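Below is one structure; the comments refer to it alone.
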Amino acid sequence: MKPILITCYVNPDLDGVAGAFAYGEFLQKTGRESVIGIIGEPHDEAKYILDRYNILYPQTIINADNFEEVILVDASDLNGLEGNIAPEKVVEIIDHRKINEADKFPNAKVQIELVGSAATLIAEKFIENNINISKESAILLCGAIISNTLNFKGGVTTDRDRKAVEYLNKIALLPDDFWKDLFMAKSDLSGSKLGERIEGDFAWFTFADKKVGIAQIEIVGAEKLIKERIEEIINVLEKIKQDMGLDYIFQNTIELELECNYFISPDLKTQKLLEKVLNIKFNKAVAKRPNLIMRKQIVPLIKEELEK
Ligand SMILES: [Mn+2]
(Lines give C-alpha, C1' and ligand atoms only; values in the text may rest on other atoms or scores of the structure.)
Protein backbone atom coordinates (compact mmCIF):
# COMPACT_ATOMS: atom_id res chain seq x y z
CA MET A 1 0.00 0.00 0.00
CA LYS A 2 1.18 3.54 -0.74
CA PRO A 3 1.68 5.82 2.23
CA ILE A 4 -1.28 7.96 2.96
CA LEU A 5 -1.08 11.66 3.79
CA ILE A 6 -2.38 12.90 7.11
CA THR A 7 -2.95 16.62 7.21
CA CYS A 8 -5.20 19.32 8.61
CA TYR A 9 -6.40 22.68 7.32
CA VAL A 10 -3.92 25.16 5.85
CA ASN A 11 -1.99 27.14 8.51
CA PRO A 12 -3.13 24.72 11.20
CA ASP A 13 -3.65 25.43 14.86
CA LEU A 14 -2.34 23.21 17.63
CA ASP A 15 -5.35 20.87 17.43
CA GLY A 16 -4.68 20.15 13.77
CA VAL A 17 -0.94 19.68 14.19
CA ALA A 18 -1.31 17.53 17.31
CA GLY A 19 -4.10 15.45 15.82
CA ALA A 20 -2.21 14.75 12.61
CA PHE A 21 1.00 13.96 14.49
CA ALA A 22 -0.62 11.55 16.93
CA TYR A 23 -2.90 9.91 14.38
CA GLY A 24 0.19 9.17 12.28
CA GLU A 25 1.64 7.37 15.27
CA PHE A 26 -1.61 5.50 15.84
CA LEU A 27 -1.76 4.29 12.25
CA GLN A 28 1.89 3.28 12.28
CA LYS A 29 1.39 1.28 15.48
CA THR A 30 -1.64 -0.41 13.97
CA GLY A 31 0.19 -1.37 10.79
CA ARG A 32 -0.53 1.43 8.34
CA GLU A 33 2.22 3.61 6.89
CA SER A 34 1.43 7.28 6.66
CA VAL A 35 3.14 10.62 6.09
CA ILE A 36 2.27 13.64 8.19
CA GLY A 37 2.37 16.82 6.14
CA ILE A 38 1.45 20.36 7.11
CA ILE A 39 0.42 22.92 4.52
CA GLY A 40 1.31 26.49 5.44
CA GLU A 41 2.50 27.78 8.77
CA PRO A 42 1.45 26.26 12.12
CA HIS A 43 0.01 28.67 14.68
CA ASP A 44 2.31 30.15 17.33
CA GLU A 45 0.97 27.93 20.09
CA ALA A 46 1.80 24.83 18.04
CA LYS A 47 5.32 26.10 17.49
CA TYR A 48 5.60 26.95 21.18
CA ILE A 49 4.85 23.43 22.33
CA LEU A 50 6.98 21.78 19.61
CA ASP A 51 9.92 24.01 20.57
CA ARG A 52 9.48 23.72 24.33
CA TYR A 53 9.47 19.92 24.24
CA ASN A 54 11.97 19.50 21.39
CA ILE A 55 9.48 17.69 19.19
CA LEU A 56 10.43 17.38 15.56
CA TYR A 57 8.21 19.55 13.36
CA PRO A 58 6.05 17.61 10.91
CA GLN A 59 7.24 18.16 7.36
CA THR A 60 5.78 21.00 5.34
CA ILE A 61 4.17 20.19 2.01
CA ILE A 62 2.73 22.40 -0.72
CA ASN A 63 -0.27 20.28 -1.63
CA ALA A 64 -1.42 16.67 -1.77
CA ASP A 65 -0.34 16.03 -5.37
CA ASN A 66 2.16 13.33 -4.39
CA PHE A 67 -0.42 11.32 -2.49
CA GLU A 68 -3.31 9.26 -3.65
CA GLU A 69 -5.13 9.21 -0.36
CA VAL A 70 -5.55 11.82 2.33
CA ILE A 71 -6.79 11.82 5.90
CA LEU A 72 -8.02 15.11 7.36
CA VAL A 73 -7.81 15.76 11.07
CA ASP A 74 -9.53 18.83 12.55
CA ALA A 75 -10.71 19.89 9.09
CA SER A 76 -13.90 19.18 7.19
CA ASP A 77 -14.59 22.09 4.90
CA LEU A 78 -13.24 23.09 1.52
CA ASN A 79 -12.40 26.70 2.37
CA GLY A 80 -9.87 25.62 4.97
CA LEU A 81 -7.96 23.55 2.41
CA GLU A 82 -7.61 26.48 0.01
CA GLY A 83 -7.69 24.27 -3.07
CA ASN A 84 -4.60 22.26 -2.12
CA ILE A 85 -6.31 18.90 -1.74
CA ALA A 86 -8.70 17.31 -4.21
CA PRO A 87 -11.81 16.32 -2.21
CA GLU A 88 -11.97 12.91 -3.97
CA LYS A 89 -8.62 11.96 -2.43
CA VAL A 90 -9.85 12.30 1.10
CA VAL A 91 -10.61 8.86 2.54
CA GLU A 92 -11.11 9.77 6.18
CA ILE A 93 -12.20 12.86 8.14
CA ILE A 94 -11.86 13.23 11.90
CA ASP A 95 -13.29 16.52 13.13
CA HIS A 96 -15.46 18.17 15.76
CA ARG A 97 -17.29 20.99 13.96
CA LYS A 98 -21.06 21.15 13.92
CA ILE A 99 -21.04 23.17 10.71
CA ASN A 100 -18.96 21.21 8.23
CA GLU A 101 -18.85 20.14 4.62
CA ALA A 102 -18.10 16.47 5.13
CA ASP A 103 -20.64 15.68 2.40
CA LYS A 104 -18.37 17.36 -0.16
CA PHE A 105 -15.80 14.58 0.26
CA PRO A 106 -17.45 11.71 -1.62
CA ASN A 107 -14.96 8.98 -0.60
CA ALA A 108 -14.40 9.86 3.01
CA LYS A 109 -15.23 7.81 6.05
CA VAL A 110 -16.42 10.56 8.35
CA GLN A 111 -16.09 10.81 12.11
CA ILE A 112 -17.46 14.10 13.34
CA GLU A 113 -18.27 14.27 17.02
CA LEU A 114 -18.96 17.47 18.93
CA VAL A 115 -16.25 17.27 21.56
CA GLY A 116 -14.01 20.19 22.48
CA SER A 117 -11.04 19.13 20.44
CA ALA A 118 -10.17 16.85 17.54
CA ALA A 119 -7.26 15.76 19.73
CA THR A 120 -9.78 14.12 22.06
CA LEU A 121 -11.01 11.89 19.23
CA ILE A 122 -7.43 10.84 18.47
CA ALA A 123 -6.62 10.18 22.14
CA GLU A 124 -9.70 7.97 22.39
CA LYS A 125 -8.36 5.77 19.60
CA PHE A 126 -5.27 4.98 21.67
CA ILE A 127 -7.40 4.36 24.76
CA GLU A 128 -9.99 2.16 23.04
CA ASN A 129 -7.41 0.06 21.21
CA ASN A 130 -5.08 -0.19 24.17
CA ILE A 131 -2.15 1.23 22.27
CA ASN A 132 0.70 2.93 24.11
CA ILE A 133 1.09 6.56 23.14
CA SER A 134 4.47 8.28 22.93
CA LYS A 135 5.28 11.14 25.26
CA GLU A 136 5.47 13.52 22.28
CA SER A 137 1.98 12.68 21.06
CA ALA A 138 0.61 12.81 24.60
CA ILE A 139 2.09 16.29 25.14
CA LEU A 140 0.72 17.59 21.84
CA LEU A 141 -2.77 16.14 22.30
CA CYS A 142 -2.93 17.32 25.90
CA GLY A 143 -1.92 20.83 24.88
CA ALA A 144 -4.41 20.83 22.03
CA ILE A 145 -7.30 19.87 24.29
CA ILE A 146 -6.32 22.50 26.87
CA SER A 147 -6.10 25.09 24.09
CA ASN A 148 -9.28 24.14 22.22
CA THR A 149 -11.40 23.99 25.37
CA LEU A 150 -9.86 27.22 26.69
CA ASN A 151 -8.55 25.21 29.63
CA PHE A 152 -11.96 23.49 30.05
CA LYS A 153 -13.77 26.81 30.43
CA GLY A 154 -15.08 27.03 26.87
CA GLY A 155 -18.67 25.98 26.22
CA VAL A 156 -17.43 23.29 23.82
CA THR A 157 -15.85 21.30 26.67
CA THR A 158 -17.16 17.78 27.30
CA ASP A 159 -16.37 15.06 29.82
CA ARG A 160 -14.65 13.18 27.04
CA ASP A 161 -12.11 16.01 26.75
CA ARG A 162 -11.44 15.91 30.49
CA LYS A 163 -11.06 12.12 30.44
CA ALA A 164 -8.69 12.27 27.51
CA VAL A 165 -6.44 14.79 29.29
CA GLU A 166 -6.52 12.69 32.46
CA TYR A 167 -5.22 9.73 30.45
CA LEU A 168 -2.74 11.73 28.37
CA ASN A 169 -1.20 13.65 31.23
CA LYS A 170 -0.13 10.45 32.96
CA ILE A 171 2.33 10.23 30.09
CA ALA A 172 2.76 13.89 29.17
CA LEU A 173 3.32 15.06 32.76
CA LEU A 174 2.61 18.69 31.93
CA PRO A 175 2.92 21.07 34.92
CA ASP A 176 -0.26 22.46 36.50
CA ASP A 177 0.29 25.94 35.16
CA PHE A 178 1.05 24.76 31.64
CA TRP A 179 -2.16 26.35 30.33
CA LYS A 180 -0.88 29.78 31.36
CA ASP A 181 2.37 29.31 29.45
CA LEU A 182 0.44 28.13 26.42
CA PHE A 183 -1.96 31.08 26.53
CA MET A 184 0.86 33.57 27.06
CA ALA A 185 2.71 32.09 24.09
CA LYS A 186 -0.11 33.19 21.81
CA SER A 187 -0.68 36.56 23.48
CA ASP A 188 2.30 38.34 21.94
CA LEU A 189 0.76 40.28 19.08
CA SER A 190 3.35 43.02 18.94
CA GLY A 191 4.01 44.84 15.69
CA SER A 192 3.07 42.99 12.53
CA LYS A 193 2.07 39.86 14.48
CA LEU A 194 -1.41 41.30 15.04
CA GLY A 195 -2.27 41.54 11.35
CA GLU A 196 -0.63 38.18 10.66
CA ARG A 197 -2.69 36.51 13.37
CA ILE A 198 -5.95 38.00 12.12
CA GLU A 199 -5.26 36.72 8.61
CA GLY A 200 -3.70 33.48 9.80
CA ASP A 201 -6.75 32.38 11.77
CA PHE A 202 -9.43 33.67 9.43
CA ALA A 203 -12.32 31.48 8.33
CA TRP A 204 -15.23 32.17 6.04
CA PHE A 205 -18.54 30.52 5.32
CA THR A 206 -21.40 30.89 2.86
CA PHE A 207 -24.95 30.81 4.19
CA ALA A 208 -27.96 31.69 2.03
CA ASP A 209 -25.59 33.13 -0.60
CA LYS A 210 -24.03 35.47 1.95
CA LYS A 211 -20.32 35.28 2.65
CA VAL A 212 -19.41 35.61 6.31
CA GLY A 213 -15.80 36.06 7.40
CA ILE A 214 -14.74 35.53 11.01
CA ALA A 215 -11.35 36.27 12.52
CA GLN A 216 -10.59 34.81 15.92
CA ILE A 217 -7.94 35.88 18.36
CA GLU A 218 -7.38 34.21 21.72
CA ILE A 219 -5.31 36.34 24.04
CA VAL A 220 -4.54 37.37 27.59
CA GLY A 221 -4.86 41.17 27.58
CA ALA A 222 -7.61 41.69 25.00
CA GLU A 223 -8.90 44.96 26.42
CA LYS A 224 -5.48 46.61 26.27
CA LEU A 225 -4.90 45.32 22.77
CA ILE A 226 -8.22 46.72 21.56
CA LYS A 227 -7.72 50.04 23.31
CA GLU A 228 -4.33 50.54 21.74
CA ARG A 229 -4.82 49.01 18.30
CA ILE A 230 -8.50 49.05 17.36
CA GLU A 231 -7.82 51.08 14.24
CA GLU A 232 -5.31 48.57 12.94
CA ILE A 233 -7.73 45.73 13.58
CA ILE A 234 -10.51 47.55 11.75
CA ASN A 235 -8.24 48.34 8.82
CA VAL A 236 -7.25 44.68 8.46
CA LEU A 237 -10.88 43.54 8.67
CA GLU A 238 -12.01 46.12 6.11
CA LYS A 239 -9.27 45.08 3.73
CA ILE A 240 -10.14 41.37 4.03
CA LYS A 241 -13.83 42.17 3.54
CA GLN A 242 -13.07 44.02 0.34
CA ASP A 243 -10.48 41.56 -1.01
CA MET A 244 -12.70 38.54 -0.43
CA GLY A 245 -15.99 40.18 -1.34
CA LEU A 246 -17.54 39.32 2.02
CA ASP A 247 -21.02 40.41 3.08
CA TYR A 248 -20.26 40.21 6.79
CA ILE A 249 -17.03 40.36 8.76
CA PHE A 250 -16.05 40.45 12.40
CA GLN A 251 -13.37 39.44 14.84
CA ASN A 252 -14.11 37.30 17.85
CA THR A 253 -11.56 38.34 20.45
CA ILE A 254 -11.40 35.82 23.28
CA GLU A 255 -9.96 37.13 26.55
CA LEU A 256 -8.53 34.00 28.13
CA GLU A 257 -7.84 35.22 31.63
CA LEU A 258 -10.87 37.41 32.37
CA GLU A 259 -13.17 35.05 30.45
CA CYS A 260 -15.07 37.34 28.14
CA ASN A 261 -15.26 38.12 24.43
CA TYR A 262 -14.89 41.33 22.49
CA PHE A 263 -16.54 41.39 19.10
CA ILE A 264 -15.12 43.86 16.63
CA SER A 265 -16.71 44.82 13.35
CA PRO A 266 -16.45 47.95 11.23
CA ASP A 267 -19.62 46.95 9.40
CA LEU A 268 -23.07 48.06 10.60
CA LYS A 269 -24.88 45.15 8.99
CA THR A 270 -22.60 42.69 10.78
CA GLN A 271 -23.05 44.53 14.06
CA LYS A 272 -26.85 44.22 13.73
CA LEU A 273 -26.57 40.51 12.95
CA LEU A 274 -24.37 39.85 15.98
CA GLU A 275 -26.52 41.97 18.28
CA LYS A 276 -29.42 39.77 17.31
CA VAL A 277 -27.84 36.32 17.53
CA LEU A 278 -25.54 36.95 20.50
CA ASN A 279 -27.65 39.39 22.46
CA ILE A 280 -24.89 41.96 22.69
CA LYS A 281 -24.69 45.72 22.14
CA PHE A 282 -22.07 47.45 20.04
CA ASN A 283 -20.46 50.66 21.16
CA LYS A 284 -18.85 52.04 18.03
CA ALA A 285 -17.09 49.02 16.54
CA VAL A 286 -16.77 46.92 19.71
CA ALA A 287 -19.17 44.80 21.77
CA LYS A 288 -18.25 42.99 24.98
CA ARG A 289 -19.85 39.74 26.04
CA PRO A 290 -19.30 37.85 29.32
CA ASN A 291 -18.27 34.16 29.32
CA LEU A 292 -16.32 32.49 26.58
CA ILE A 293 -17.76 31.73 23.19
CA MET A 294 -15.79 30.36 20.25
CA ARG A 295 -16.18 30.72 16.53
CA LYS A 296 -17.37 27.15 16.11
CA GLN A 297 -20.24 27.93 18.50
CA ILE A 298 -21.13 31.21 16.79
CA VAL A 299 -21.20 29.84 13.25
CA PRO A 300 -24.32 27.67 13.76
CA LEU A 301 -26.18 30.69 15.24
CA ILE A 302 -25.33 32.84 12.22
CA LYS A 303 -26.22 30.06 9.82
CA GLU A 304 -29.62 29.69 11.45
CA GLU A 305 -30.32 33.40 11.32
CA LEU A 306 -29.21 33.90 7.70
CA GLU A 307 -31.02 30.83 6.43
CA LYS A 308 -34.30 31.79 8.10
MN1 LIG B 1 -10.04 21.87 16.62
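Each ligand, and each atom within it, is numbered from 1 in the order the structure gives. Predicted model only: the values in this text are computed from it and were never measured.
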Under 3.5 Å, is there a donor on one side chain and an acceptor on the other for [X] and [Y]?
| X | Y | value |
| --- | --- | --- |
| Tyr262 | Glu223 | yes |
| His43 | Asn11 | no |
| Asp95 | Ser76 | yes |

- Message: Under 2.8 Å from the Mn ion (ligand 1) - does any N, O or S atom of Asn148 fall there?
- Response: yes

N/O/S atom name from [X] that is nearest to the position of the Mn ion (ligand 1):
| X | answer |
| --- | --- |
| His96 | NE2 |
| Asp15 | OD2 |
| Asp74 | OD1 |

- Item | Glu136 side, atom CD; Leu141 side, atom CG - distance, nearest 0.5 Å | 11.5 Å

